Chemist: 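The structure is given below, and queries will be raised subsequently.
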Amino acid sequence: MAILNAVLKAIPMLKNLWYVLGHSTDVRAEPVMVTALGQKLVLFRDSAGLACALSDVCAHRGGSLSHGRVVAGDVVCPYHGWRYDGNGICTHIPAQPGLRVPTRARVDAYPTVERFGWVWAFLGDLPPAQRPPLPDLSWVEDPRFRLVRGHFDWDASWDRVMENGLDFAHAPFVHGTAFGDPAHPEIDDFTVEAGEWQGEARMRMYRPRRRSWPAWLARGAAGGRVPVYTTPGYHFSGPCTTLRLEPRPGWEIRIVSAHLPVDAKRTRTLWMMGRTFMKSALLDARTRRSNLRIFEQDHAVLSRVCPQHTPDDWREEVSVRSDGLQIAFRKTLKALEARGWEIDLARMASEFAGRKACAIPCPARRESSAWAIAGVPTRGGG
């Protein structure tokens, strides 16, 4: 048990952040189950068509709300028919319709917004003014870009997946000439700009000139190599990795990947890719296949890394200057853990698993202590 607790303490899972739970098109008439931070949630639309996210545990006898149905905008538990509205409040108890609904008959409800085609949920209890902002993804709505969407499931921790998206030194070795030049893997010096919630860096890499390309398409090539200006970044809302590529003057590619921590060992990525060139819909399938192939190549490496998660102490791995953006990400991660937002997975395993239901605390818990279901414990917190 001591070894297990030590392992679980090294796994960073944070509340009080915005998480992308799914595509807006995934939330329809019937409830949908999503697992985030090791907790099951239910997504559904209320009578106004707004996306709602609740804890998936009925306060009565623990039924799974996501396996029920939606009636007049309320989600109905399949076990005893208790109904919950979008605020998590029980509105009807069929066995005793004349009974005043107990105050504790409620489940955690999380603030949601639909933006850029995604459903974002704030999984935490902070008031609005203290929540982090969403990343600037205005390019998604820019008509200059042809947009392609998709998802990918990893057998890897979210923090390793995030770092992989910021790490361009691996590209020539894992992705060959698709991203970089294996014969010239050097990365020019770059600087990192980091803030409270995000960071980015502008880099210049090179890839071999395609022999089949005409000279005008390889403009700027030096010694048979074409410079590619890249701007990778991260934002803890999502949490997202972002990428801007300029394969040649006047061409632009944008990619955003939102990495949802399903649990300690699994991550679900929702991604969008936009291009300002070759915008025919006939190329979308090829674009989607190419992007998924990149994920598959990364997955082959990340599913085998040791340890599975980023180490607590940076001295347990050797870092160099080209790792600057990943180091900035780790510093921000540690700062958020220090706020007491890290879920205590060791306590979850020893005190809750199979014995006691729990949920990520929502903002309504600041207004009332009348809750039947316990909030998840946090390190340095409750």
Side-chain angles (χ1 to χ4, degrees), residues 13-59 64-66 68-76 83-91 106-138 140-141 149 151 158 197 235-240 256-262 268-272 341 343 359-367 371 373 375-376:
M13 301 280 267
L14 301 173
K15 68 171 188 175
N16 285 333
L17 295 175
W18 289 97
Y19 290 95
V20 174
L21 299 186
H23 299 288
S24 289
T25 52
D26 294 337
V27 187
R28 301 177 182 176
E30 295 304 316
V32 178
M33 193 269 283
V34 176
T35 303
L37 306 179
Q39 300 296 303
K40 288 182 171 56
L41 311 176
V42 57
L43 288 178
F44 65 99
R45 293 194 180 276
D46 65 14
S47 57
L50 300 178
C52 303
L54 309 181
S55 170
D56 192 31
V57 180
C58 178
S64 171
L65 301 178
S66 63
R69 57 197 177 97
V70 175
V71 175
D74 291 352
V75 65
V76 182
R83 293 171 53 166
Y84 296 88
D85 64 16
N87 294 314
I89 305 297
C90 181
T91 61
R106 62 194 306 182
V107 297
D108 289 88
Y110 307 102
T112 61
V113 295
E114 292 188 73
R115 198 164 300 170
F116 313 119
W118 284 342
V119 177
W120 306 69
F122 183 75
L123 302 185
D125 58 356
L126 293 180
Q130 297 179 27
R131 298 169 194 165
L134 298 186
D136 179 7
L137 302 177
S138 54
V140 172
E141 300 166 340
R149 300 172 182 267
H151 72 272
W158 75 276
W197 304 108
H235 200 294
F236 271 85
S237 288
C240 291
V256 57
S257 299
H259 304 295
L260 177 67
V262 175
R268 163 155 279 213
T269 294
L270 275 66
W271 58 270
M272 293 184 282
W341 294 357
I343 297 173
I360 300 166
C362 72
R365 288 189 182 247
R366 289 176 171 262
E367 303 168 3
W371 296 83
I373 298 173
V376 297

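The model shown is predicted, which means the values in this text are computed figures rather than measured ones.
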Chemist: Considering all heavy atoms of both residues, which atom of Asp85 and which atom of Leu54 are nearest to each other, and what is their separation?
Modeler: O-CD1, 3.7 Å

Chemist: Give the C-alpha distance, both sets of side-chain angles, the deciding distance and a yes or no for side chain to side chain contact (heavy atoms under 4.5 Å, CB included) between Arg28 and Asp26.
Modeler: CA-CA 6 Å; Arg28 301 177 182 176; Asp26 294 337; 5.6 Å; no

Chemist: Are His23 and Val119 side-chain neighbours, meaning at least one heavy-atom pair lies under 4.5 Å?
Modeler: no

Chemist: What do you reckon, are the aromatic ring centroids of Trp197 and Phe236 less than 6.0 Å apart?
Modeler: no

Chemist: Nearest 0.5 Å, please: how far is CG in Leu43 from CD in Glu30?
Modeler: 13.5 Å

Chemist: Does any pair with a residue in residues 36-59 pass salt bridge (Lys or Arg N to Asp or Glu O under 4.0 Å), and if so which ones, sequence neighbours excluded?
Modeler: Arg45-Glu114

Chemist: With sequence neighbours excluded, what pairs up with Ala364 under the side chain to side chain contact (heavy atoms under 4.5 Å, CB included) test?
Modeler: Arg106, Cys362, Trp371

Chemist: Taking the side chain as every heavy atom from C-beta outward, state whether Trp18 and Val113 have any pair of such atoms under 4.5 Å apart.
Modeler: yes

Chemist: Measure the CG-CZ distance between Leu134 and Arg115 for me, rounded to the nearest 0.5 Å.
Modeler: 5.0 Å

Chemist: Hey, are the side chains of Ile343 and Leu14 touching, using non-hydrogen atoms and a 4.5 Å cut-off?
Modeler: no

Chemist: Over 60° means perpendicular and under 30° means parallel, so tell me whether Phe116 and Trp120 are parallel, tilted or perpendicular.
Modeler: perpendicular

Chemist: To the nearest 0.5 angstrom, please state how far the CH2 atom of Trp158 sits from the NE2 atom of His259.
Modeler: 10.0 Å

Chemist: Just by distance, do the side chain of Ser237 and the backbone of Pro135 share a donor-acceptor pair under 3.5 Å?
Modeler: no

Chemist: Mind listing the closest non-hydrogen atom pair of Ile373 and Ala359 along with its distance?
Modeler: CG2-N, 4.0 Å

Chemist: Mind checking the OG-OH spacing from Ser55 to Tyr110? Nearest 0.5 Å is all I need.
Modeler: 5.0 Å

Chemist: Tell me which one of Thr91, Val71, Val70 satisfies side chain to side chain contact (heavy atoms under 4.5 Å, CB included) with Val76.
Modeler: Val71

Chemist: Please name the pair of heavy atoms, one in Pro361 and one in Val376, separated by the smallest distance, quoted to 0.1 Å.
Modeler: CD-CG2, 3.8 Å

Chemist: Can you give me the closest heavy-atom contact between Ala51 and Thr112, atom names plus distance?
Modeler: O-OG1, 2.6 Å

Chemist: Tell me, do Ser257 and His151 make a side-chain contact under 4.5 Å, heavy atoms counted?
Modeler: no

Chemist: Do the non-hydrogen side-chain atoms of Arg149 and Val140 ever get within less than 4.5 Å of each other?
Modeler: yes

Chemist: Please evaluate residues Leu65 and Tyr84 with respect to the criterion side chain to side chain contact (heavy atoms under 4.5 Å, CB included), reporting the C-alpha separation (whole Å), side-chain torsions for both, the decisive distance (0.1 Å), and the verdict.
Modeler: CA-CA 9 Å; Leu65 301 178; Tyr84 296 88; 3.9 Å; yes

Chemist: Test side chain to side chain contact (heavy atoms under 4.5 Å, CB included) on Tyr19 and Leu37; report intermediate values, then the result.
Modeler: CA-CA 10 Å; Tyr19 290 95; Leu37 306 179; 3.7 Å; yes

Chemist: Which pair of non-hydrogen atoms, one from Ala59 and one from Val107, has the smallest distance, and what is that distance?
Modeler: N-CG1, 4.0 Å

Chemist: For the pair Trp341 and Leu17, evaluate side chain to side chain contact (heavy atoms under 4.5 Å, CB included) and give the outcome as yes or no after the intermediate values.
Modeler: CA-CA 9 Å; Trp341 294 357; Leu17 295 175; 4.2 Å; yes

Chemist: Evaluate the side-chain proximity of Met272 to Trp118: yes if any heavy-atom separation is below 4.5 Å, no if none is.
Modeler: yes

Chemist: Output the distance between atom CG (Asp125) and atom CG (Asn16), rounded to the nearest 0.5 Å.
Modeler: 5.0 Å

Chemist: Of the non-hydrogen atoms in Arg365 and Gly375, which two are nearest, and what is the gap between them?
Modeler: NH1-N, 3.7 Å

Chemist: So do Pro127 and Arg366 actually touch side chain to side chain, heavy atoms under 4.5 Å?
Modeler: yes

Chemist: What I'd like to find out is whether the side chain of Leu260 reaches to under 4.5 Å of the side chain of Leu21, using heavy atoms alone.
Modeler: yes

